[in-house]
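Below is one structure, written out as structure tokens; comments come after it.
For ligands, and for the atoms within them, numbers begin at 1 and follow the listed sequence. Count residues from 1 along the sequence.
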Amino acid sequence: MRFSGKVVFVTGAAQSQGRCHAVRFAEEGADVIAVDICEQIDFVPYPMGDGDGLAETVRQVDAVGGRIHAARCDVRDRDALRAVVDEGVARFGRLDIVSANASICSVQPLEEVTPEIWDTTLDVNLTGVWNTCAVAIPHLVSAGGGSIVITGSTGSVVGLPFYLPYVAAKHALVGVCRSLALELSDRNVRVNLVLPTGVDTPQGHSTVLPSLLDRRPDLGAVFTNSLPVSRIESIDVTHALMFLASDEARYVTGTAFPVDAGATIR
Ligand SMILES: NC(=O)c1ccc[n+]([C@@H]2O[C@H](COP(=O)([O-])OP(=O)(O)OC[C@H]3O[C@@H](n4cnc5c(N)ncnc54)[C@H](O)[C@@H]3O)[C@@H](O)[C@H]2O)c1
């Protein structure tokens with residue numbers, strides 16, 4: 001129960017990593033504020049979270065004896081996001097930890113990056129993360145400090161061919177993390193990134209990447225982990241996030257923590 005008495009805010013919580021984070025924090029005693037868009041963005045080529053998924057997250061948090069305030073909300077809508085977080089804080093009394101996890105991803109050659117794909121990916125994956133931080137920070141400061149963990153990617157520190165808008169946003173999050181960490185250091189708010197390699201979730205299974213790499217075999221090594229695993233599990237990311245959110249990491253801020261099976265050390 002190492003997060004007993006704490007409150008965590010998780011975005012993108014209707015499935016996959018976001019659900020895993022919410023349920024594990026609840027198991028460790030935290031109250032959870034959870035949002036997900038719960039609808040499909042049309043160019044995203046895998047199933048995003050939906051209402052049933054968010055209800056399942058609520059059920060799993062209940063099952064471990066936790067409390068959760070869950071709502072459909074798009075991280076691009078800062079006013080709606082603020083309303084959900086304010087309601088959750090009114091209910092649970094405080095906010096200590098933020099997991100800025102929600103994102104979208106599409107895979108295509110650069111010639112197929114439409115303005116819509118570019119703009120929407122940057123809006124969700126970059127501006128959405130900033131919105132998440134912006135609505136949460138006043139509550140973290142009121143609580144006397146806290147921890148923000150932004151989910152980046154190996155694509156935050158290396159180029160990933162065919163992921164251009166996604167990688168642009170994930171690289172930009174490094175700057176967001178470092179700048180926020182500096183500015184918030186006087187208020188005891190730590191800000192870190194966790195950088196997963198491919199994770200066994202809908203987003204982690206591209207159906208088009210294999211055929212693109214068939215045409216560009218020279219690029220295949222970029223997607224190869226050093227440890228003998230093709231994809232990690234959501235829980236591997238949750239473990240890193242929980243460390244970064246915990247008091248054990250009290251002097252860890254502004255870092256980009258890889259959970260990448262050695263993908264970026266080659
Ligand atoms: N899966 C991978 O291989 C992988 C690798 C590296 C990093 N990541 C990152 O890990 C994080 C979690 O990804 P995942 O694998 O669980 O993917 P996922 O697509 O299964 O889950 C993401 C969740 O975010 C939600 N979401 C998307 N846009 C939203 C919006 N505008 N507002 C609110 N919610 C929204 C989706 O509905 C979905 O439930 C993301 O930041 C992702 O970029 C994933």
Handout entry: Option among His69, Lys6, Arg67 that satisfies the side-chain hydrogen bond (donor to acceptor under 3.5 Å, both in side chains) test with Asp31
Key = Arg67
Completion exercise
Residue pairs meeting salt bridge (charged side-chain N to carboxylate O under 4.0 Å, His left out), one or both in residues 194-221, sequence neighbours left out, come to Arg216-Asp218
Practice task
Report all protein residues having a heavy-atom distance below 4.0 Å to some atom of ligand 1; order the list by chain, then number.
Solution key: Gly12, Gln15, Ser16, Gln17, Asp36, Ile37, Tyr46, Met48, Gly49, Cys73, Asp74, Val75, Asn101, Ala102, Ser103, Ile104, Val124, Thr151, Gly152, Ser153, Tyr166, Lys170, Pro196, Thr197, Gly198, Val199, Thr201, Pro202, Gln203, Gly204
Exercise for the section: Could you tell me whether the side chains of Thr57 and Arg19 share a donor-acceptor contact shorter than 3.5 Å? Expected result: yes
Handout entry: Partners passing ring pair (Phe, Tyr, Trp, His ring centres under 6.0 Å) against Phe257 (at least two apart in sequence or in another chain)
Key = none
Problem - Spacing of CG belonging to Leu173 relative to CZ belonging to Arg178, to within rounding of 0.5 Å - result: 12.0 Å
Handout entry: Counterpart residues, side-chain hydrogen bond (donor to acceptor under 3.5 Å, both in side chains), relative to Asn125 (two or more places apart)
Key = none
